[in-house]
Amino acid sequence: MSTVLQPASQLPQPLITDPASKESGDGVVKFGVIGYGYWGPNVVRNLDQFDGSEVVTVCDKSPAARKRIHKSYPHIGVVSETADLLSSTEIDAVAIVTPVWTHYELTKAALENGKHVFVEKPFTSDSAQAEELINLAAKKNLKIMVDHTFLFTGAVKKIGQLLEEGALGNIYYYDSTRVNLGLFQHDVNVIWDLAPHDLSIIDHLIKETPEAVSATGQSHLNGHEDVAFITVYFPNKIIAHINVNWLSPVKVRTTLIGGEKKMLVWNDLEADEKLKVYDKGVKISGREGVYELLVSYRSGDMWSPQLEQGEALRQELAYFVDCVSTGEEPFNDGCAGLRVVRMLEKATESLNQKGAMVYL
Ligand SMILES: NC(=O)c1ccc[n+]([C@@H]2O[C@H](COP(=O)([O-])OP(=O)(O)OC[C@H]3O[C@@H](n4cnc5c(N)ncnc54)[C@H](O)[C@@H]3O)[C@@H](O)[C@H]2O)c1
């Protein structure tokens, strides 16, 4: 049995440095950003700071958000209508940082106006929309990058490297707990809000195509599920489990990855030593009689590898600017976004049938 994992050397490695690369006109990639709520300010801040990019216009429907933009960035244009931003011939690329249900229409309009697109996770509300946008971008020779921020963290990069080196051996499982109190989303349930992080990490690290998904959950407050448990089945007995919850009294961001040779714990809330690799394992050496399994447990050292520091979103946006400038296809492109949306769709289908197995 062999586990097909993408070696980290083959995993696309995003740029570490800020982009100084130049695209059109005066050479800088010029951006319009739509949505300046919770996450939008992080996108604007980074794009505004790079030498290789410039934020020309930010659009938000909310007057309060427009006031905040103007106060923080008096040099950036502010509009309330997306059409004003999308029709600008000055803008090369658009970042879409609005709720999920708006992603399809805004991405489509941006592509139709000849703009490259950086769009928030999850890419779209369903896979048909994602497929349509991927085809449109290909026809127009434009880039789509889906914000799968965690792929740009030091922890995920290191885990990818450990997999490449074969340090963990064949993978048995991925088990993630991503829980906290709120933030309740009004348009999607906790699966569509929090699980895209783990599903994009799984998609990036485990190169097997998932076979089936099962999900259970419950809504207690606003009609959307606020607690959910998802299981994803892969070939070669790899199993992934994701626990997402908006009703947890404490915030937990802990992932266990169990391998044949080693196991690791990634606690994203730790300031230092986020990743711990345990030289622990189990070996079945045979049977003694009918019932007695000969099981031996190995319990060796634990070590905490050094992780690359820096803001993941900054690295990701630098990579996007570079892809637009050089024409390179981003690895977290529309197809990566589509694979995550497919898993979300299947999880929803299963959730609606109280955990029935749904095959991909
Ligand atoms: N990558 C990450 O780690 C991360 C973190 C948080 C949120 N997100 C994603 O970012 C997106 C936005 O989330 P948020 O928490 O910032 O939402 P939010 O509700 O706080 O902000 C959205 C903003 O978009 C504006 N808006 C909505 N529709 C618009 C339209 N058609 N035209 C102009 N403005 C419009 C709203 O007025 C609001 O200010 C979501 O897809 C979410 O999943 C990603």
Side-chain angles (χ1 to χ4, degrees), residues 1 3-6 99-101 103-104 119-135 146-148 150-151 170-179 184-248 255-258 332-360:
M1 177 190 83
T3 303
V4 185
L5 291 165
Q6 180 88 344
V100 182
W101 63 272
H103 291 180
Y104 164 71
V119 57
E120 271 314 315
K121 60 83 191 162
F123 182 19
T124 52
S125 303
D126 65 52
S127 51
Q129 292 176 344
E131 282 163 10
E132 186 189 329
L133 295 175
I134 291 166
N135 289 334
V146 181
D147 183 4
H148 290 163
F150 275 92
L151 307 187
N170 289 332
I171 296 300
Y172 292 152
Y173 65 85
Y174 174 105
D175 186 11
S176 173
T177 306
R178 193 174 292 277
V179 304
F184 272 75
Q185 301 294 317
H186 306 293
D187 58 330
V188 290
N189 65 15
V190 72
I191 291 185
W192 284 77
D193 181 38
L194 294 182
H197 294 309
D198 290 295
L199 295 174
S200 64
I201 295 167
I202 291 166
D203 174 70
H204 187 62
L205 295 176
I206 303 173
K207 291 298 167 184
E208 298 276 10
T209 305
E211 290 176 332
V213 177
S214 153
T216 51
Q218 197 55 265
S219 60
H220 301 92
L221 293 163
N222 72 349
H224 293 302
E225 285 77 13
D226 37 44
V227 178
F229 310 95
I230 308 163
T231 307
V232 187
Y233 296 85
F234 291 90
N236 293 319
K237 295 186 181 174
I238 303 174
I239 189 163
H241 181 255
I242 304 165
N243 170 359
V244 282
N245 185 342
W246 284 328
L247 286 179
S248 162
T255 304
L256 305 176
I257 300 181
N332 51 330
D333 60 1
C335 295
L338 169 62
R339 292 193 294 273
V340 169
V341 169
R342 278 205 183 114
M343 285 194 264
L344 291 169
E345 264 178 349
K346 297 298 173 188
T348 306
E349 218 176 302
S350 173
L351 189 77
N352 293 337
Q353 299 171 58
K354 295 225 176 306
M357 192 78 96
V358 175
Y359 291 89
L360 279 112

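In this text the structure is predicted, and so the values were computed from the model without any measurement.
- Counting only distance, with no hydrogens or angles, the side chain of K346 and the backbone of V341 share no donor-acceptor pair below 3.5 Å.
- D187 places a side-chain N or O within donor-acceptor distance of the main-chain N or O of V100, the cut-off being under 3.5 Å.
- Taken from NE2 in H204 to CZ in R339, the straight-line distance is 10.5 Å, to the nearest 0.5 Å.
- Using bins of under 30°, 30° to 60° and over 60° for the plane-to-plane angle, the ring pair H241/F229 lands in the parallel bin.
- Rounding to the nearest 0.5 Å gives a distance of 10.0 Å between CG of L256 and OH of Y174.
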Side chain to side chain contact (heavy atoms under 4.5 Å, CB included) between Q185 and W246, intermediate numbers included: CA-CA 10 Å; Q185 301 294 317; W246 284 328; 3.7 Å; yes
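- Looking only at distances, no side-chain donor or acceptor of D203 sits under 3.5 Å from a matching main-chain atom of L199.
- Nearest heavy atoms, L344 versus P196: CD1-CG, 4.0 Å.
- V179 and V244 make their closest contact through CG1-C, 4.3 Å (heavy atoms, listed as atom of the first residue, atom of the second, distance).
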Candidate pair N189 and S219, rule side chain to side chain contact (heavy atoms under 4.5 Å, CB included), full reasoning: CA-CA 8 Å; N189 65 15; S219 60; over 6 Å; no
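- Once rounded to the nearest 0.5 Å, the distance linking CG of N332 with NE2 of H148 reads 7.0 Å.
- Considering every non-hydrogen atom in both A130 and L338, the closest pair reads CB-CD1, 3.7 Å.
- The minimum heavy-atom distance linking E225 with G217 is given by the pair CG-C, 4.1 Å.
- Summarising the geometry, atom CD1 belonging to I191 is positioned 4.0 Å from atom CD1 belonging to I230; distances are rounded to the nearest 0.5 Å.
- Not one N or O on the side chain of H224 forms a donor-acceptor pair closer than 3.5 Å with the backbone of V190.
- Of all heavy-atom pairs between P210 and V232, the closest is CB-CG1, 3.6 Å.
- None of L194, N245, N243 except one satisfies the side-chain contact (heavy atoms from CB on, under 4.5 Å) rule with R178; the exception is L194.
- Expressed to the nearest 0.5 Å, how far OG1 of T177 lies from CG of D198 amounts to 9.0 Å.
- Summarising the geometry, atom CZ belonging to F234 is positioned 9.0 Å from atom CG belonging to L360; distances are rounded to the nearest 0.5 Å.
- For Y233, the side-chain hydrogen bond (donor to acceptor under 3.5 Å, both in side chains) criterion is met by no residue, not counting sequence neighbours.
- When the options I238, I201, N236 are evaluated for a side-chain contact (heavy atoms from CB on, under 4.5 Å) with I206, the one that passes is I238.
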Verdict with supporting geometry, I202 and I242, side chain to side chain contact (heavy atoms under 4.5 Å, CB included): CA-CA 10 Å; I202 291 166; I242 304 165; 3.9 Å; yes
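- Classification of E345 and R342 as a salt-bridged pair fails, no side-chain N sitting under 4.0 Å from a carboxylate O.
- Under the 3.5 Å distance criterion, the side-chain polar atoms of D226 are left unmatched by any main-chain donor or acceptor of L247.
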Candidate pair S125 and W192, rule side chain to side chain donor-acceptor pair (under 3.5 Å), full reasoning: CA-CA 9 Å; S125 303; W192 284 77; over 6 Å; no
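- In this structure, the side chain of S176 does not engage the main chain of T255 through any donor-acceptor pair within 3.5 Å.
- Shown here for H103 and F123, the closest heavy-atom pair between the two residues is CB-O, 3.1 Å.
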